[in-house]
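Single-structure report; data block below.
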Amino acid sequence: MTDDTLSEPIAFDDPILAARIAKHRDALRAGGYPYRFDRSDLASDLHERFGDSDPGSETGVDVTVAGRLMNVRDMGRLAFGVLQDVSGRIQLFVSKAVLGDEGFARFLDLDSGDWIGATGEVMVTKKGELSVRVSSFVLLSKALRPLPDKWHGLKDVEARSRQRYVDLMVNAESRKTALTRAKVVSELRRQFEDRGFIEFETPVLLSQATGAVARPFETHHNALDLDLSLRIATELFLKRLVIGGIERVFEIGRIFRNEGVDATHNPEFTMLEAYQALADYGDIMELVEEVLAAVAVAAVGTSTLTYQGRMLDLTPPFRRVRLVDLVAEVVDEDVSLDTSIVRLRALADRYGVEADPSWGPGRVMFEIYEAAAESTIWEPTFVTDYPKEVSPLARLHRDDPRLTERFELVIAGSEYANAFSELNDPFDQRERFEVQAAARAAGDDEAHPIDEDYIRALEYGLPPTGGLGIGVDRLVMLLTDCKHIREVILFPTMRPEAASPPVVGSR
RNA sequence: GGGCCUGUAGCUCCAAUGGCAGAGCAGCGGACUUUUAAUCCGAAGCGUGUGGGUUCGAGUCCCACCAGGCCCA
């Protein structure tokens, strides 16, 4: 490949690219690039160790740093470089007196974006900027493309999503969001593990996608000549594990739903599901409160946030309100599941919900909640006791068989968690599946299919179990104050680019 | 799926009513030994997402398509 690159007779009409490619070829002719490099300190290490040194001071300490050269300020016989590594930035103090004419010229020949390694004494400039006075440096890798505007960076949301690598190198906010996401996932995992939950990986490819009400992606296995779907939830497999006797299980995994893309939806997203034997949904509420507060503190340092310009307190305990009571409160009418269906439909109509004739009171109530009540919630709120009609996997409420022991955690108008006392009666589960299957037969392709093996599993006995799902992407959005899911998914789903050839052609 | 909007130099953005397409940064040449978006001087660089159309003349108007954004379903 090296020889090819050297001999390749391509004429690059962009002078910026042409100049950089020429330098790249020079570097190859001069012996090529290093395969490895020993760095002594990260930028952040130096700021930590020497950050409070006085302006003009010499430390007498030699270090070796490495990173991407972001900017060079040439002063004639002196130059300043900005080196960025994974931890932050450190200034390079480069003088002709130290490097000599040839070395100094070689430094000025570098381009912004190049990866370099540099060795020198740690010092502080007269203006107080901690720097490395470069005594030697090496080009580690050439950037053939220029960096975006050093001040404005890369703003175009499409370009930032498609070329996340550029976004990350120039936009500190994007790096911070990405790193916060990693912390959130890591802390979630730690929180569940600390409570005795064990993490498993359940199948993605399924002959039947179950565990949620959603449309799956379809694919095909050639060797088995088998149509398969990508999973839309991990729910039923994790509960199979509980049936198998692994009493506390969880999975943080990618879920795929064949839906549109908008500010809060990406076709592939990350969900945490957890199941705890011998627990009910009340136990899960306490678990969620503790875990979310802990994750917030670990990821952003506090459970008292600002989201979209407004204060938001994730400190437990969260408000708890029954769904039907919340609806009554919001519509300011004394409605309940005992209210006549005619009156409920009229109410639904008031909020723009076109009630289907097949809907019972529970479904109508739920739709009114979604249309009128959910978005009014700001502070973390457990909305509890969802109608049976809209909760095919949740256990009947111990006090009212028209309801289930289910809650959703709603924050700032959106759902962050969905949980139940799990339905563990195989007879009841079959009936719920039959209802869903009927809806499916009637044309609702999002309705839940019957999972016969899951019923068989239930026949062996699922203990009383509390289960939980948390939308990880949305949680990250909340904690990083992002209003669009693409900001927290590094490589969001997009249509392919029409044509964006790399400068290095395929020939 | 519907409505509205956007696409101009590597990046960030200007260009009344259609009338010779501009700036800043980056890059190039030059000056400068303490800069912090360095500064100063100089010379360049785009024919406007793609394809049609209207017009003497289109970045600007019309149609289709591509990609994206916002709102609604």
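The structure displayed is predicted, hence computed values, not measured ones. Throughout, protein chains are lettered first and strands after them, A, B, ... in sequence-line order, and every chain is numbered starting at 1.
Contact between the side-chain N/O atoms of His152(A) and the OP1/OP2 oxygens of A26(B) is not found at any separation under 4.0 Å. Distances shorter than 4.0 Å separate none of the side-chain N or O atoms of Lys155(A) from OP1 or OP2 on U12(B). Neither OP1 nor OP2 of A26(B) sits under 4.0 Å from any side-chain N or O of Asn71(A). Of the side-chain N and O atoms in Arg73(A), none sit less than 4.0 angstrom from OP1 or OP2 of U39(B). For the pair Arg162(A) and G68(B), the criterion of a side-chain N or O lying under 4.0 Å from OP1 or OP2 is met. Phosphate proximity of G10(B) to Arg145(A): absent, as no side-chain N or O sits under 4.0 Å from OP1 or OP2. The phosphate of C70(B) (OP1 or OP2) has a side-chain N or O of Arg486(A) nearer than 4.0 angstrom.
Taking atom C1' in both U8(B) and C14(B), the straight-line distance is 10 Å, to the nearest Å. Comparing the C1' positions of C32(B) and U12(B) gives a spacing of 28 Å, expressed to the nearest Å. On the P atoms, A16(B) is 13 Å away from A21(B), given to the nearest whole Å. Rounded to a whole angstrom, the distance from the C1' atom of G29(B) to that of G19(B) is 36 Å. Spacing of P atoms, U54(B) relative to C71(B), comes out at 39 Å, to the nearest Å. Taking atom P in both U50(B) and C41(B), one finds a spacing of 36 Å when rounded to whole Å. Distance noted for atom P between C65(B) and G1(B): 12 Å (whole Å). Separating the P atom of G51(B) from that of A58(B) is a span of 15 Å, rounded to the nearest Å.
Other residues, nucleotides and ligands contribute at most 12 non-hydrogen atoms within 6.0 Å of the CD atom of Glu354(A). With a 6.0 Å radius and a threshold of 12 heavy atoms from other residues, nucleotides or ligands, Arg254(A) has its CZ atom at or below the threshold.
The CZ-P distance, from Phe104(A) to U33(B), rounds to 9 Å in whole Å. Taking atom CD on Glu158(A) and atom C1' on U12(B), their separation rounds to 16 Å, with Å as the unit.
Under the 90° criterion around 0 for the glycosidic angle, A43(B) counts as anti.
One cannot find a donor-acceptor pair under 3.5 Å joining the base of G10(B) and the side-chain atoms of Asp149(A).
Looking at which nucleotide of RNA chain B each of Leu108(A) and Phe93(A) is closest to, the 5′-most match is held by Leu108(A). Between Asp111(A) and Val82(A), the residue anchored nearer the 5' end of RNA chain B, judged by the nucleotide with its closest heavy atom, is Asp111(A).
Side-chain contact check for Gln208(A) and Asp451(A): no donor-acceptor pair (N or O, by modelled atom type) lies under 3.5 Å. Residues Arg73(A) and Gln91(A) bring a donor and an acceptor atom of their side chains to less than 3.5 Å of each other.
The pair Lys155(A)-Asp149(A) does not meet the salt-bridge criterion, since no charged nitrogen lies less than 4.0 angstrom from a carboxylate oxygen.
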